[in-house]
Structures are given as C-alpha cells and as structure tokens.
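Note that the numbering runs from 1 along the sequence shown for the chain. Side chains included, hydrogens not; waters and symmetry mates left out as well; all remaining heavy atoms used.
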Amino acid sequence: MASEDLAGALAAVLGGRGLRVQSYDSGPAGETPAQVRLRKNVCYVVLAVFLNEQDEVLLIQEAKKECRGSWYLPAGRMEPRETIVEALQREVKEEAGLQCEPLTLLSVEERGPSWIRFVFLACPTGGILKTPKEADAESLQAGWYPRTSLPTPLRAHDILHLIELAAQYRQQARHPLLLPQELPCSLVCQRLVATFTSVQTVWVLVGTVGMPHLPITSCGFAPIEQRGGIKMAVLRLLQECLTLHHLAVETKGLLGLQHLGKDQTDGICLNVLVTVAFRNPGIQNEPPKVRGENFFWWKVVEEDLQSQLLQRLQESSVVPINR
C-alpha cells in the first residue's frame, strides 16, 4: 500500500467511517480466535440517554423480579442478527414506548471482550410514552424526570455518570458525532491508530504483513484476557514489536465502531487511538525502534491528517472506553 493509500485508510478511520477487517496481526497465545456468537460467547448491551429541552431525563421503571419498581435508563441485550442501532431502537420501543434515533455514541464500557455496553445519546422521533396501564414484562412505565432530581430507587448508580456525560456533550461536544458502521467482522478486535508525537510531528504504527495497513489485534476469551479487559490485546500487539519497559502506552479512546450483526457475523472492530511515548523523553525526537519486520513507523506528512491527529490527541477527542 502506497503512502496515499495509508493516508486514505487513516482518513477513513479518523472520519468514523471504518474499514473492512481482512485479517489480524496479533492474537492471543495458544488460543484460536473464536467466531463470535451472541448469547454463546459474547454479550453486547445497548443503552440510551435522552435529554429534553427542559433538562429532563427519560427513565423507565423496571419490571424484572430482581429489580422491580426501580428506575433506570432504557437498556438491554442485543439479539442475534441485529445491528447495534436496531437493538437500541427495539429496546427503547419495548421499554419506553418511543421510536428514536441515536445521535452519537457517548461511551463504550467493557468487562473484557465477552461483555461490552454501547452508550448512546438519542432523541425521540415518535411513539407514545409508556404508562402504568401498559406495564408488561419489559417495563412498568416510562417518564421524564429532572436531571438533578431523579426518582428513587435507582436500579444502579452507574447511570449517573452517563447522564452527566450526555449533559456535558450537549453543552460542548468533546468528540465528533459517531455512529456504528455496518461492516462485517467475525471477531472482537481492535484496529490501532498507534501514534508517537514529537514537536508537531506524528508517526503512526503500520503493519506490513500483506499490504501495509493499520494493525489489528484480536481479543481473546481466556480468563486472563477477560480480567485484563480489551486493552490487553493492544498491549499484546505492541509487546510483539516494541520494547515496552521504557515506554508509556495509553489507549485514549474510540475513533470508530464497526459491526454488522447479519449473516451470523456478531464480531465488532473498535478503531482505537493509542499513544506511545518514552517514560523519560529527554531529547528523543524519533519513535522507538521496531523489532522484526512486521511493523514500521509511518511519518504522517499530509497536513490535514497531521492536524486532525494532533487535535484528537491534544483534546482527547475520542469516545471513552471504560471498565
């Protein structure tokens, strides 16, 4: 792949458009990456935050036996053969009675590769709010409540942070609007935009097996990778080509999300922005030396791409990934 092709690939990922996953550069040792199947080896959850002009939040009252009567944001597990957006719209309709459209992904939360939750800021587009007369197994009712005075009891307090995140985003967007791209993937994997910066210069790590490309690391499902979370797969790939003991590695967040959900392709690809830096920078103006022949550092010379990357890095303009 020529430099202009790498530039095009980087532009696509920075623009949230994504790229097809053809293969991967790093996989878990001693583990053949499993075909991802919802309800078998992965669970994806969708959650929606709605805020109206009166600074009210849409909440639903739970019907499940273990949390009946408590309040929560509309949320639920994805079903096989759904796209992420279809799952979100179904859950909101079932629990709140409303049709909706997602505006942007707000955050991704994970408990390892087998449990991932996608949090959206959304807006209603129709339907009628569910009343107690329409209570069913999905929920007892739905209602709008002041953001600063939510009903009690809450099913869990993890939604408080998500509500504040949505309010902050509406006040000042930290990252561009981002929605999932419908691209097939058979694994849970991450495409790395791994960067090294020095005096307004940016290098990006590139894989060389096949055509030069942004490297992809496959997440494992063994207990150690579940405990360590999806960031372990990033460190694994970087350990294969860099000497990490004198480097600081940080996953900044998400640039894009890819999933299809049709034809039994339940995998996802997270396009993540990663920084690599020397722990003791000194006068180091060049990226750390790469071991082996499977990777190299590509100096980004296109001014637009360079400025986009620097802005994303300096402003942390990414969707957060939380554990």
Side-chain angles (χ1 to χ4, degrees), residues 1-19 24-26 108 172-176 178 189-217 229-256 269-322:
M1 185 182 288
S3 178
E4 58 266 25
D5 294 322
L6 280 171
L10 181 57
V13 172
L14 286 173
R17 300 189 300 278
L19 300 164
Y24 59 92
D25 299 271
S26 174
V108 170
Q172 183 175 5
R174 188 172 176 181
H175 57 80
L178 180 67
C189 61
Q190 298 171 80
R191 177 182 285 110
L192 274 59
V193 178
T195 62
F196 177 87
T197 60
S198 173
V199 195
Q200 299 299 301
T201 303
V202 188
W203 286 263
V204 170
L205 191 68
V206 170
T208 63
V209 177
M211 297 293 285
H213 58 276
L214 298 173
I216 291 178
T217 181
I230 64 174
K231 293 179 183 179
M232 276 199 69
V234 173
L235 289 173
R236 181 189 349 104
L237 183 144
L238 294 177
Q239 282 172 340
E240 291 169 7
C241 61
L242 302 173
T243 304
L244 292 188
H245 65 82
H246 65 301
L247 299 175
V249 175
E250 181 184 1
T251 296
K252 304 294 284 186
L254 206 64
L255 294 165
C269 179
L270 305 171
N271 297 321
V272 295
L273 182 61
V274 177
T275 58
V276 177
F278 290 102
R279 293 185 186 277
N280 300 304
I283 56 171
Q284 298 280 1
N285 291 322
E286 298 286 326
K289 186 177 179 180
V290 174
R291 298 196 308 264
E293 300 178 352
N294 291 345
F295 300 91
F296 70 91
W297 287 105
W298 168 53
K299 187 175 182 178
V300 181
V301 295
E302 292 80 357
E303 289 186 9
D304 180 55
L305 286 178
Q306 190 180 95
S307 63
Q308 280 190 64
L309 270 172
L310 288 171
Q311 180 202 1
R312 291 293 196 104
L313 291 165
Q314 291 162 2
E315 299 177 8
S316 292
S317 180
V318 288
V319 173
I321 302 172
N322 300 310

Self-check item: Side-chain donor or acceptor of Arg174 paired with backbone N/O of Ser317 under 3.5 Å
Solution: no
Quiz prompt | Heavy-atom closest pair, residues Arg291 and Gln239 | solution = NH2-O, 2.6 Å
Quiz item: CZ/Phe295 to CD/Glu240 distance, rounded to the nearest 0.5 angstrom?
Solution: 6.5 Å
Quiz prompt | Any donor-acceptor pair under 3.5 Å from Arg312 side chain to Leu273 backbone | solution = no
Self-check item: Closest non-hydrogen atom pair, Val206 against Pro212
Solution: CG1-CB, 3.8 Å
Practice problem: May I ask you to test the Pro287-Trp203 pair for a side-chain heavy-atom distance under 4.5 Å? | Solution: yes
Exercise. Can you sort out the partners of Arg236 under salt bridge (Lys or Arg N to Asp or Glu O under 4.0 Å), two or more places apart, ordered by chain and number?
Key: Glu225
Quiz item: Which distance, rounded to the nearest 0.5 Å, do you find between the OG1 of Thr243 and the CG of Leu238?
Solution: 11.5 Å
Exercise. Start with the C-alpha distance between Phe296 and Val290, add both sets of side-chain angles, then the distance that settles side chain to side chain contact (heavy atoms under 4.5 Å, CB included), and finish with yes or no.
Key: CA-CA 6 Å; Phe296 70 91; Val290 174; 5.6 Å; no
Exercise. Could you tell me which non-hydrogen atom of Leu244 sits nearest to which non-hydrogen atom of Leu235, and how far apart they are?
Key: CD1-O, 4.0 Å
Quiz item: How many angstroms lie between atom CG of Leu270 and atom CD of Gln190, to the nearest 0.5 angstrom?
Solution: 5.5 Å
Quiz item: In Å, rounded to the nearest 0.5 Å, how long is the span from CG of Leu19 to NE2 of His213?
Solution: 11.0 Å
Quiz item: Does any N or O in the side chain of Asp25 come within less than 3.5 Å of the main-chain N or O of Thr217, such that one atom is a donor and the other an acceptor?
Solution: no
Quiz item: Take atom CD in Glu293; do more than 12 heavy atoms of anything else shown fall under 6.0 Å from it?
Solution: no
Quiz prompt | Whether Thr195 side chain and Val202 backbone form a donor-acceptor pair below 3.5 Å | solution = no
Quiz item: Out of Val274, Leu255, Leu205, which residue meets the side chain to side chain contact (heavy atoms under 4.5 Å, CB included) rule with Val193?
Solution: Leu255
Practice problem: Looking only at non-hydrogen atoms, find the nearest pair between Leu237 and Pro215 and report the distance. | Solution: CD1-CB, 4.0 Å
Quiz item: Just how far is it from atom CG of Asn280 to atom CG of Leu247, taken to the nearest 0.5 Å?
Solution: 10.5 Å
Quiz item: Which of parallel (below 30°), tilted (30 to 60°) and perpendicular (above 60°) describes Phe196 and Phe278?
Solution: perpendicular
Exercise. Evaluate the side-chain proximity of Leu309 to Val204: yes if any heavy-atom separation is below 4.5 Å, no if none is.
Key: yes
Quiz prompt | CG on Asp304 to CD on Gln306, rounded to 0.5 Å | solution = 10.5 Å
Quiz prompt | Residue of the set Val108, Asn271, Val318 for which side chain to side chain contact (heavy atoms under 4.5 Å, CB included) holds with Leu254 | solution = Val108
Quiz item: Counting distance only, does the side-chain N/O of Glu250 pair as donor-acceptor with the main-chain N or O of Thr275 below 3.5 Å?
Solution: no
